[in-house]
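Worksheet for the structure shown next.
In what follows, every chain begins at residue 1, and chains take the letters A, B, ... in the order their sequences are listed. Any value given below was found using the heavy atoms of this structure, including those in side chains, with hydrogens, waters and symmetry copies removed.
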Number of protein chains: 2
Amino acid sequence: MNNVRFATSLHILTLLALNEGVYLSSDFIAGSVNVNAAAIRKEISNLKLCMLVESKEGKGGGSILARPASQIKLSDVYDAVKQVHVLGRSNTPNPDCPVGKEVNRHLEALYEDTDDYVRQKLTTVTLKDFVQKFG
Amino acid sequence: MNNVRFATSLHILTLLALNEGVYLSSDFIAGSVNVNAAAIRKEISNLKLCMLVESKEGKGGGSILARPASQIKLSDVYDAVKQVHVLGRSNTPNPDCPVGKEVNRHLEALYEDTDDYVRQKLTTVTLKDFVQKFG
DNA sequence: TGTACTGTATAAATTTTGATTACAGAATGA
DNA sequence: TCATTCTGTAATCAAAATTTATACAGTACA
């Protein structure tokens, strides 16, 4: 998870939450996040798949939250961008070694427990909670 | 944290724990993990800095645990390999935007809370606990 | 119909990560 | 002393992941 996807998605959602009901363009969002608008549109495309935002095409179009910020949890953002385990990846150890043969089974179990733990933690914070920190 | 360092370090420590008191060579370990011996030595070099293993140079040399497996926690492994936040990196947002200006402060706080949470969880599992899963 | 958007593909550039090679230096023991 | 077997570390290269940039078709609006 050595990327900026969580940061980008949360930034997008924060902007939308602070402008609830207003359609924000990818150009506007890109200006705040300071990345290319196409990258924003790609991330928004994913957030749409996850039912977190809705978009309107054409002139005057843009994106809004799919539901109130109080009903979006940070675990939803985590789920939206999750690609790998928070503790990293496994090796491809030697199956002819007694340890190598079963280490990945135990390691993956630990990885998944840890992911679940993080996810659980993030269910306790809503987007509204996060946005309220902004002055 | 999109790398195999946690996996590699834990694999190394597992081998050492299962052979407590015996000096294992980097070649032997590399054979089990299935990576180059130099990579293992590099990872061991880091584990030494973290006081988790000790090495002996020269013929008959190798590495052993610096203390019993019951006194090594998985959070020690986490600390040893930690480079980035578990949820990823931040962007470099636009400081001229009200949101861009302060998003990283809140985001980093969340990142650090989450890291601490994971770390805390991993303090509850010792290397001995992990190794006991092996049949 | 012109303008302002989204959606998406593709390519290029950059950064991160991993693999490999090489070799100096340390310890051992014949 | 000397050959052997290790560690420690640097340097390089290859591969993979990530980010950036460009382009353009399609949609909606006025």
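Remark: nothing in residues 21-33 of chain B comes within less than 4.0 Å of DNA chain C through any heavy atom.
Contact annotation: B:S45 does not reach the phosphate of D:dT7 (side-chain N/O to OP1 or OP2, under 4.0 Å).
Clustering of Ile, Leu, Val, Met, Phe, Trp and Tyr side chains at separations under 4.5 Å places B:Y23 together with B:I64. Using a 4.5 Å cut-off between side-chain heavy atoms of Ile, Leu, Val, Met, Phe, Trp and Tyr, A:Y117 falls into a hydrophobic cluster with B:Y117.
Put simply, CD1 on A:I64 is 13 Å from P on C:dT6, counting in whole angstrom units. Here C:dG7 presents its P atom at 10 Å from CG of A:L49, a figure rounded to the nearest Å. B:I40 has its CD1 atom 12 Å from the C1' atom of C:dA19, to the nearest Å. Atom CG in A:N46 sits roughly 14 Å away from atom C1' in C:dT8 (whole-Å rounding).
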Item to complete: Produce a footprint string for nucleotides 24-30 of chain C: one letter per nucleotide, 5' end first; B if the base is under 4.0 Å from any protein heavy atom, S if only the sugar-phosphate is, - if neither.
Response: --BBB--
Discussion item. Generate the contact string for nucleotides 10-25 of chain D. Rules: B means base contact, S means sugar-phosphate contact only, - means no protein heavy atom under 4.0 Å.
Written reply: -------SSSSBBB--
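Checked against side chain to side chain donor-acceptor pair (under 3.5 Å), A:N3 has the following partners two or more places apart in sequence or in another chain: A:Q83. Partners of A:K133 according to the side-chain contact (heavy atoms from CB on, under 4.5 Å) rule, which considers only residues two or more places apart in sequence or in another chain, are A:F130, B:H106. Not counting sequence neighbours, the partners of A:N91 by the side chain to side chain donor-acceptor pair (under 3.5 Å) test are B:T8. With sequence neighbours excluded, the residues that form a side-chain contact (heavy atoms from CB on, under 4.5 Å) with A:S26 are A:A37, A:I40, A:R41. With sequence neighbours excluded, no residue forms a side chain to side chain donor-acceptor pair (under 3.5 Å) with A:N94. Shown here are the side-chain contact (heavy atoms from CB on, under 4.5 Å) partners of A:S25, two or more places apart in sequence or in another chain: A:D27, A:F28. Listed by chain and number, the residues in a side chain to side chain donor-acceptor pair (under 3.5 Å) with B:S9 are B:E43 (sequence neighbours excluded).
Under a cut-off of 6.0 angstrom, the local environment of NZ in A:K82 is crowded, with over 12 non-hydrogen atoms contributed by other residues, nucleotides or ligands.
Within the 4.5 Å cutoff, side-chain heavy atoms of B:L127 are placed close to those of B:L65.
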